[in-house]
Amino acid sequence: MNNTVKTVLLLCTGAVVGISLTLTQGVSAGREPTSELPLSELQTFVEILNRVQQDYVEQIDDDALLESAIRGMLSGLDPHSAYLDAQEFKDITVSTSGKFGGLGIEVQGQNGFVRVIAPIDDTPAQRAGVEAGDLIIKVNDKAVKGLTLTESVRLMRGEPGTKVTLDVVREGEAQPLQIDIVRDIIEVRSVRSRMLEPNYGYLRISTFTGGTGRLLEEELQKLRARNDGALRGLVLDLRTNPGGVLNAAVDVSDAFLNRGEIVSIKGRSNQANRTFNATPGDLLDGVPLVVLINEASASASEIVAGALQDHSRAVLVGAKTFGKGSVQTIVPLKNDAAIKLTTARYYTPSGRSIQAEGIDPDIAIERVKVEKRDGPKAITEADLAGRLDNDQLDDLLEAEDDAELKSDPNLAENDFGLFEALNILKGLSILEQARR
């Protein structure tokens, strides 16, 4: 594993309500301006500022007016550049530790409303039923149309234990839905694991925080212990993962690669350019790996998916990813605030940019719901009168009783994507065994 990478964060798609999860390219040092300041335009700005101060219907605080001007300037660049006041800057730093206050949803501004990129696992938002793709139109009966993303997020923030009501528009629903959520302290354990059945493990990464790489190694050790030895295959679930810390994405990719480039980032300045490479040591020793992705897999998730796909280390299963291929830099300011500025694009090992394109899965799976079908049971040899008994039946039953791990008979109904991923993993494992 690569332990020499400096702490680098990469900005995700938007803000996590209560907190903004980010991937940043360090802190920008002061540089000489590349061109002369546009004095005439600055004079126009000052003229407008004076006119607002003198003639606006209500008196506006000078600091608030200037902050609004700064926010407008940055938000006009792209969806991810923004001004962060002192509290927002503090929140962004706290969020990367994996513990913060809020609802637990990743959001982005869209046409004046607030779009949910993804709810975070085991958070109030997910438990209340918020889904990726929901469009938030009201917060506590206050319309978000016309508000900035920051203002909308502030409406959703609040003290743990207090309630907030979201009105959301959801595809397939004729009327807006009202969702009540109780705010809480969000403690995200970014990696979880379980055995799907003997020899086949499952790892879920819900977000990329500073400790994700370490947690992944710990969960892999648990899976080996439960399986009483090496695995024959692993499903890595990155669905609805909004991203997070770049170092974590590099660590996770490095865990399954022995060599080669993981990701490169390129901007206008040499300071923004950087390449991250894998170090020897595949924690799975080359056993088959299937990665689950969907439309809400973004940013750091796409770095992992792109690296493993380009190195032919994993089969990607699911739907095309979100398509955020840009890098933002957090620049602290003297007033304890900061700006979040898009400074580079990132590229997968093959040199492709996924910005606004996303990553196509190797095997696409549509969203479907599987239900049991009622009907007559097929007749087998065991149903025939006078059939011979199996002379090894006792041994078979004893072996079944002794098995610690059994497959989930309802997996197809509960999670069809995972069910298909497991089937694909089994096929890959059979091919791998046949080659040996």
Side-chain angles (χ1 to χ4, degrees), residues 10-14 23 78-80 106 108 110 115-118 131-133 171 202-208 233-244 246 248-250 252-257 260-266 276 278 284 288-327 344-369 415-428 431:
L10 199 69
L11 286 169
C12 296
T13 33
L23 298 202
D78 64 78
H80 310 297
E106 170 85 5
Q108 180 185 36
Q110 178 175 315
R115 179 175 181 264
V116 176
I117 303 304
E131 296 182 3
E171 185 177 355
Y202 170 85
L203 271 177
R204 163 70 181 161
I205 301 180
S206 58
T207 187
F208 288 86
L234 179 75
V235 175
L236 176 63
D237 191 350
L238 298 180
R239 292 173 298 180
T240 65
N241 182 322
L246 173 59
V250 171
V252 170
S253 302
D254 194 8
F256 304 113
L257 296 172
E261 182 179 308
I262 292 173
V263 66
S264 61
I265 49 181
K266 300 175 185 177
F276 298 86
L284 286 180
L289 177 65
V290 170
V291 178
L292 276 170
I293 54 173
N294 64 6
E295 303 91 338
S297 302
S299 194
S301 299
E302 295 174 288
I303 288 177
V304 174
L308 297 179
Q309 186 181 55
D310 281 3
H311 285 289
S312 299
R313 179 61 189 90
V315 175
L316 272 52
V317 175
K320 178 183 282 193
T321 60
F322 184 83
K324 182 187 178 293
S326 62
V327 179
R345 290 179 171 87
Y346 72 75
Y347 300 84
T348 70
S350 65
R352 58 176 168 157
S353 169
I354 60 91
Q355 173 61 25
E357 290 293 330
I359 296 175
D360 287 310
D362 299 305
I363 301 174
I365 294 180
E366 299 292 333
R367 286 188 179 182
V368 298
K369 183 178 181 181
D415 191 339
F416 181 71
L418 180 55
F419 173 76
E420 287 293 282
L422 177 58
N423 288 334
I424 293 167
L425 187 63
K426 288 178 179 178
L428 294 172
L431 289 174

Visitor: Provide the closest heavy-atom pair for I262 versus V250 in the form atom of the first, atom of the second, distance.
Guide: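 In this case the closest contact between I262 and V250 is CD1-O, 3.6 Å.
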Visitor: I would like to know whether V291 and V304 meet side-chain contact (heavy atoms from CB on, under 4.5 Å); could you show each step before the answer?
Guide: CA-CA 9 Å; V291 178; V304 174; 5.8 Å; no
Visitor: The criterion is side chain to side chain contact (heavy atoms under 4.5 Å, CB included); which residues satisfy it with A296, sequence neighbours excluded?
Guide: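 In terms of side chain to side chain contact (heavy atoms under 4.5 Å, CB included), with neighbours along the sequence ignored, A296 is linked to A118, A132, T240, N294.
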Visitor: When you measure from the side chain of R313 to the backbone of F256, do you find a donor-acceptor pair of N or O atoms at a distance under 3.5 Å?
Guide: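 Pair found, side chain donor or acceptor close to backbone of F256.
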Visitor: Quick one: CD1 on I117 to NZ on K324, what's the gap to the nearest 0.5 Å?
Guide: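 Interatomic distance, I117 CD1 to K324 NZ, rounded to 0.5 Å: 11.0 Å.
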Visitor: Just how far is it from atom CG of N423 to atom CG of L428, taken to the nearest 0.5 Å?
Guide: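 Reported to 0.5 Å precision, the distance equals 11.0 Å.
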Visitor: Check for a donor-acceptor pair, side chain of T207 on one end and backbone N or O of G244 on the other, with a separation under 3.5 Å.
Guide: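 Not a single qualifying donor-acceptor pair exists.
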Visitor: Any idea which heavy atoms bring V263 and Y347 closest together, and the distance?
Guide: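 Scanning both residues, the minimum pair turns out to be CG2-O, 3.4 Å.
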Visitor: Could you pull out all residues at least two apart from D360 that satisfy salt bridge (Lys or Arg N to Asp or Glu O under 4.0 Å)?
Guide: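 D360 satisfies salt bridge (Lys or Arg N to Asp or Glu O under 4.0 Å) with K320 only.
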Visitor: Which heavy atom of L418 sits nearest to which heavy atom of R239, and what is that distance?
Guide: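 Of all heavy-atom pairs spanning L418 and R239, the closest is N-NH1, 4.1 Å.
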Visitor: Is a side-chain N or O of S301 found less than 3.5 angstrom from the main chain of N241, in a donor-acceptor match?
Guide: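 Looks like yes, one N/O pair under 3.5 Å.
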Visitor: Once you round to the nearest 0.5 Å, how far does CD1 of I303 lie from CG of L246?
Guide: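 Going from the CD1 atom of I303 to the CG atom of L246 covers 5.0 Å.
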Visitor: Using side-chain hydrogen bond (donor to acceptor under 3.5 Å, both in side chains) as the criterion, list what pairs up with T321, not counting sequence neighbours.
Guide: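 Expected list: E302.
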Visitor: Which residues pass the salt bridge (Lys or Arg N to Asp or Glu O under 4.0 Å) test with R115, not counting sequence neighbours?
Guide: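 Not a single residue meets the salt bridge (Lys or Arg N to Asp or Glu O under 4.0 Å) criterion with R115.
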Visitor: Work out which heavy atom in H80 is nearest to a heavy atom in S326; give both atom names and the distance.
Guide: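 So the two residues come closest at CD2-OG, 3.8 Å.
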Visitor: Using the salt bridge (charged side-chain N to carboxylate O under 4.0 Å, His left out) rule, collect all pairs that involve residues 349-358, keeping only residues at least two apart or in two chains.
Guide: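 Passing the test, one end in residues 349-358: D310-R352.
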Visitor: Can you list the residues that meet the salt bridge (Lys or Arg N to Asp or Glu O under 4.0 Å) rule with E420, with sequence neighbours excluded?
Guide: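 E420 satisfies salt bridge (Lys or Arg N to Asp or Glu O under 4.0 Å) with no residue once adjacent residues are dropped.
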Visitor: Roughly how far apart are R204 CZ and L238 CG, rounded to 0.5 Å?
Guide: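 R204 CZ to L238 CG: 7.5 Å, rounded to 0.5 Å.
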Visitor: Check salt bridge (Lys or Arg N to Asp or Glu O under 4.0 Å) between E295 and all other residues, then give those that pass, not counting sequence neighbours.
Guide: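 Listed in chain order: R367.
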Visitor: Roughly how far apart are F322 CZ and Q108 CD, rounded to 0.5 Å?
Guide: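 One finds 4.5 Å between CZ of F322 and CD of Q108.
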Visitor: Just how far is it from atom CG of L284 to atom CG of L203, taken to the nearest 0.5 Å?
Guide: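 If I round to the nearest 0.5 Å, the distance is 8.0 Å.
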Visitor: Which heavy atom in A249 sits nearest to a heavy atom in F208, and how many Å separate them?
Guide: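 Reported closest heavy-atom pair: N-CD2, 3.8 Å.
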Visitor: What pair of heavy atoms forms the shortest contact from L234 to Y202, and how long is it?
Guide: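 Taking L234 first and Y202 second, the nearest heavy atoms are CD1-N, 3.8 Å.
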Visitor: Please check this pair: side chain of Y346 against backbone of I354, looking for a donor-acceptor N/O pair closer than 3.5 Å.
Guide: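 Checked: no pair found.
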